[in-house]
Structure formats: C-alpha cells, structure tokens
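None of these values were measured; they are calculated from a predicted model.
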Amino acid sequence: MGTGPSPTSSSGFHLYPDASGISARIIPRGGHPPPAPAPRRSPGTVPPARAGQLYQLTHLAAALTEVVGVQDVVDLVADQIMPAFGAQGLVLSTARGGRLRITGHRGYSSETIRRLDSLPLDTSFTPAGQALSSGIPAFFADPEEMRRTYPEAPLVSGKQAWAFLPLVISGRPVGICILSYDTPHAFPAEERAVLTSLAGLIAQAFDRARLYDTKHELAHSLQQALLPRSLPEITGLRVAARYLPATRGMEIGGDFYDLIRLGDTAAGAVIGDVQGHNAAAAALMGQVRTAVHAHATLGTPPDQVLHRTNRLLTDITPDLLTSCLYAHLDFARQRATLASAGHPPPLLRLPDGDTRLLAVPPGPLLGADPAADFPVTEIPLTEGTLLVLYTDGLVETPGADLEEAITRLAHHLAAADDRDLGLLIDDLLSTSDTSGRRTDDIALLVLRHETHRDRPE
C-alpha cells in the first residue's frame, strides 16, 4: 500500500490491508521492507468486505450526527447508505398506537406505500413488526426465503431481497429501517455486521430527529397561533403583510406584526422582533403583541403604548429583549405618530415618489430599562403616502453594512410599483437573499393611505 518514514523518528511504517483489516510493520530507516504477509483465510472464508466499507461506516457515523429532522435522516439513508450497500428501496417506519407508521421511503410506488403504511405491529404481512418488537435484525436473500414465513410480502413490494434493521436505543425500539433489492442479494457476515452497526447509529439520529421535529411543530404552532390570521379592513388604508421564518435552527422566531382598528378614522400598526429563534421567543412575542394591542385599543399615545408594554416586560423579567415600532395613523387629522423601541427605522414614500428613511429616534429595547422614554415622531399622512415597516432580517446580513442595506432598500422602494401591495412585498423581498438559507426571520408590513375611490380596479 505504501511506505513512509515517521516524521519524529528514524523508522518507517509499512501497511498491509486485507479482508480482516490493516496490518502495520515498523522497520528502521534504510532497512528493506519485509515481504507482504500472505492473506489469511479461514476454512469457511466469506467474500472479503468491500474496500472502503470501514471508511463508509465512519463517514456515515459522522454524517448522522449532523442531521436535524426526520426528513434529513431519510435523505441521508437514501442518498448514502442505499448506494453503499447496493439497495434500491428504503422504508423507514416508527411504531405509534400499535401500528407501523411510515415516515419516509424511496424506491416504492405510492400504492405500495399505501398498503404497507399503518399495518399493526403483529402483522403477518411483513417481518417489520416482528423485527421491531424483538429488536433482532432479519435478512432475506431472495423471495423464496421470505415466502416461507411471509408469503404475501414479495407480492406486495415486488422486491427480491430485504434487510430489516430495528432501530433500538437502550432496549427501547424507536423505529425500523428496511433496505430492499430489485434482485436477490446475499448478506455476508461482514455486511450484516456493518448494517447492524449502522442501525444503531441511525436509531440515535432518528430519535433525536423525532424530538426535534416535535419541538419544532409545537413551537411553530404556537407562533402561528400568535400571529394575526388576517388583518382588518380599515377605511382609508390598504395593507399587506408577510412573515418568512428563518431556515436555520428551529425555523421559528419572535418577529411579529399587527394592525389594530381604532374607531372609524384611526388605526394602529405595530411591528417587532423578540430576540431568539425558539419557543421562548415565540411565547414572549405573543405577550408583547397582546400588550401593545391592549394599550393601543384604549387610545393610548404611541410613546405610552411602548412605555406601558416595557413596564410589563421588565416586571416579568424576561431573558429576551424586544425591538418594537408602533405607529398611530389618524386619517381625520391626516397625521401619523410613531415611537420606536430600538427598532429599524421605517421607510416613507410620499405621493410624489420621494422615498426616504424616516428618522424615528429610538428608545431602548423593551425589557431593558423600566424607566425608559420613547421619543415621538409625527409626520403628515396625505393621500398616497406609503409606509414600510420591517424587521432586521430583511436588511441585516453577516459582514454587510446595515445603513447601506437600508439605503438600497429605500432606493428599491422608490422605483417599485405599489398598485398591488402583495407584489410590492415580493419586490422588496427580492432585495434580500430570501431564497437561500436565512439566519433570521423576516416580517414586513406595508401601509398605503388612500380612499376607496383611489384604489386600483
């Protein structure tokens, strides 16, 4: 295989691989390497393990530590383990409610999966339930071997060989991985040993992935329940909103928005961002949004809305801080009054197309200082005025200048078509790399003051 001197001594190393592993000999530098030892074979020698199988096991073990959700486990097994062992089919199942629930598959028709899904654990239709319950792997090299015990299985799947690998952690079954083949396939002892070892690694990854998916589903449900399902229709105002979750971590966060009806001639608009991307951030987001909504509906001025919400947060001493921007829109007086708690400044586009960053002096983040003040900014609210409220996920990227990013967004808004606010949001999102992997979530709230007669047909 090769020789090479040790960098720290005058010795050389000589490696001799065979089916049983790798032998190493060390000789003094300058000495003649000994002849390669004859391959050792036992009387009942099985075919040697394929070259690279040990590397494959090590590589897959490392890859399985990186997976996040159940679909990641399915994809890794399908993309790497199936080709490594020449399999053409995969079914990954778990036991729920006394039945085998398929969580992922490859190489099977939807009709076959429909017939195999939700079978009882004690089914005689397939060895999967027995292997999962007993924790003992089962290998079937050809349909005849399978047919002796499970006569219907070959007919349903159309496969010719199977490996049933129970996924067990500390004696607790968490699922089963089934590899299948389109032609008969012998399972040598080495291959069975490697597959059994891989099953233990898959079990660990699969169990972690199920826990992650459960946490994510609960947190995502919480977040969706706390965000407004729809925004109210308010005379004199057109509005559109969008929320995009982060694509890393739990894919949830604390960004939120809201629109509040304040009588017949006024409205309140709020946008905020709770630190973090987990269930705690989503829960605190709900508290902040509820507090702002409650104070705003009482007709409280913007600075006092933030002040009272801030007092609430400091009283409950959250571990997370929150940025927030609140705008009171008075259509009768044609004035907009805004206050900010450390939130990125909104963008303002006037009816003549002039677009600018609206300088709203920010107070501290909510939850930081119970005695904080929040300066107020008042601007005219004439027909055609457009306000864009957003969270920092839209403009903040690692290594980029934040002010330059906001300036680019303002230039983009100046040239954008605002006849359809939903399309306008799509246009603004195009300025950020929202199609790739986002490290932060994004919330956008776009408001345009106009009467019904000014709305596009």
Side-chain angles (χ1 to χ4, degrees), residues 223-243 254-274 282 284-313 322-341 343 346-349 351 358 360 366 374 376-391 418-422 424-425 443-456:
Q223 182 188 42
Q224 292 303 308
L226 295 174
L227 284 172
R229 293 187 178 182
S230 61
L231 298 176
E233 291 189 9
I234 296 177
T235 302
L237 193 66
R238 272 202 301 137
V239 61
R242 189 76 55 82
Y243 173 81
D255 286 17
F256 66 96
Y257 59 84
D258 204 357
L259 182 66
I260 307 160
R261 188 192 308 275
L262 301 175
D264 296 331
T265 60
V270 60
I271 196 163
D273 183 0
V274 179
L284 184 59
M285 175 266 283
Q287 291 177 301
V288 174
R289 178 174 166 248
T290 300
V292 170
H293 197 288
H295 294 306
T297 52
L298 296 175
T300 308
D303 57 331
Q304 289 301 305
V305 169
L306 295 185
H307 177 73
R308 296 177 185 181
T309 303
N310 180 56
R311 287 296 300 268
L312 170 67
L313 294 190
T322 304
S323 72
C324 187
L325 178 75
Y326 178 71
H328 180 271
L329 311 175
D330 189 331
F331 307 124
R333 294 178 56 239
Q334 297 223 321
R335 307 294 292 177
T337 309
L338 303 95
S340 171
H343 199 79
L347 298 179
L348 172 69
R349 192 168 91 172
L358 187 56
V360 180
L366 300 178
F374 301 94
V376 171
T377 299
E378 188 172 284
I379 61 170
L381 186 64
T382 55
E383 289 282 341
T385 297
L386 185 75
L387 269 175
V388 176
L389 314 183
Y390 57 92
T391 56
D418 68 348
R419 287 176 296 179
D420 185 318
L421 296 187
L424 174 62
I425 286 182
L444 260 171
L445 181 62
V446 179
L447 312 158
R448 192 178 193 277
H449 175 39
E450 60 186 31
T451 60
H452 286 295
R453 65 176 180 271
D454 296 321
R455 297 190 181 186

Q | Heavy-atom closest pair, residues Arg242 and Gly422 | A | NH2-O, 3.4 Å

Q. Are Cys324 and Thr309 close enough that some pair of their side-chain heavy atoms sits under 4.5 Å apart?
A. no

Q) Is any side-chain heavy atom of Asn310 closer than 4.5 Å to a side-chain heavy atom of Phe374? A) yes

Q. Which value, rounded to the nearest 0.5 Å, describes the distance between Tyr243 atom OH and Leu445 atom CG?
A. 15.0 Å

Q: Compare all side-chain heavy atoms of Glu383 with those of Arg448 and state whether any distance is below 4.5 angstrom.
A: no

(Q) Is there a side-chain contact between Val292 and Asp258 in this structure, where contact means two heavy atoms from C-beta onward sitting under 4.5 Å apart? (A) no

(Q) Within this structure, what is the CD1-CD distance for the pair Ile379 and Gln334, rounded to the nearest 0.5 Å? (A) 12.0 Å

Q) Between atom CG of Leu237 and atom CG of Leu381, what is the distance when rounded to the nearest 0.5 Å? A) 8.0 Å

Q) For Asp255 and Ala443, which heavy atoms make the closest approach, and how far apart are they? A) OD2-N, 3.7 Å

Q. Given Val446, which of Val239, Asp418, Leu421, Leu347 fulfils the side chain to side chain contact (heavy atoms under 4.5 Å, CB included) condition?
A. Leu421

Q: Would you check if the side chain of Thr297 reaches a backbone N or O of His293 as a donor-acceptor pair within less than 3.5 Å?
A: yes

(Q) Quick check: do Thr391 and His343 have side-chain heavy atoms less than 4.5 Å from each other? (A) yes

Q.
Any carboxylate oxygen within less than 4.0 angstrom of a Lys/Arg side-chain nitrogen, looking at Asp330 and Arg335?
A. no

Q.
Before you tell me yes or no, could you show the steps for Leu262 and Ile260 under side chain to side chain contact (heavy atoms under 4.5 Å, CB included), namely the whole-Å CA-CA distance, both residues' side-chain angles and the distance that decides it to 0.1 Å?
A. CA-CA 6 Å; Leu262 301 175; Ile260 307 160; 3.8 Å; yes

Q: Step by step, work out the side chain to side chain contact (heavy atoms under 4.5 Å, CB included) result for Tyr257 and Leu231.
A: CA-CA 10 Å; Tyr257 59 84; Leu231 298 176; 4.1 Å; yes

Q) Would you find a donor on one side and an acceptor on the other, under 3.5 Å apart, between the side chain of His449 and the backbone of Leu386? A) no

Q. Thr377 versus Thr337: any side-chain heavy-atom pair under 4.5 Å?
A. no

Q: Drop me the distance from Arg289's CZ to Leu284's CG, to the nearest 0.5 angstrom.
A: 13.5 Å

Q.
Tell me the closest heavy-atom pair linking Tyr326 and Ala296, and the distance in Å.
A. OH-CB, 3.3 Å

Q) Taking atom NE2 of His307 and atom OG1 of Thr300, what is their separation to the nearest 0.5 Å? A) 11.5 Å

(Q) Could you walk me through whether Arg238 and Glu233 satisfy the side chain to side chain contact (heavy atoms under 4.5 Å, CB included) test, starting with their C-alpha distance in whole Å, then the side-chain angles of each, then the deciding distance to 0.1 Å, before giving a yes or no? (A) CA-CA 8 Å; Arg238 272 202 301 137; Glu233 291 189 9; over 6 Å; no

Q.
What verdict does the side chain to side chain contact (heavy atoms under 4.5 Å, CB included) test give for Ile234 and Leu259, after you've listed the backbone C-alpha separation in whole Å, the side-chain angles of each residue and the deciding distance to 0.1 Å?
A. CA-CA 9 Å; Ile234 296 177; Leu259 182 66; 3.8 Å; yes

Q: Answer whether the closest heavy-atom distance between the side chains of Thr385 and Arg349 falls below 4.5 Å.
A: no

Q. So, for Leu306 and Ala341, which heavy atoms are closest and what is the spacing to 0.1 Å?
A. CD1-N, 3.8 Å

Q. If we ignore angles and hydrogens, is there a donor and acceptor under 3.5 Å between the side chains of Ser323 and Asp273?
A. no

Q: First locate atom CG of Leu387, then atom CG of Leu329, and finally report the distance between them rounded to the nearest 0.5 Å.
A: 7.0 Å

Q) Do Gln304 and His295 touch side chain to side chain, with heavy atoms closer than 4.5 Å? A) no

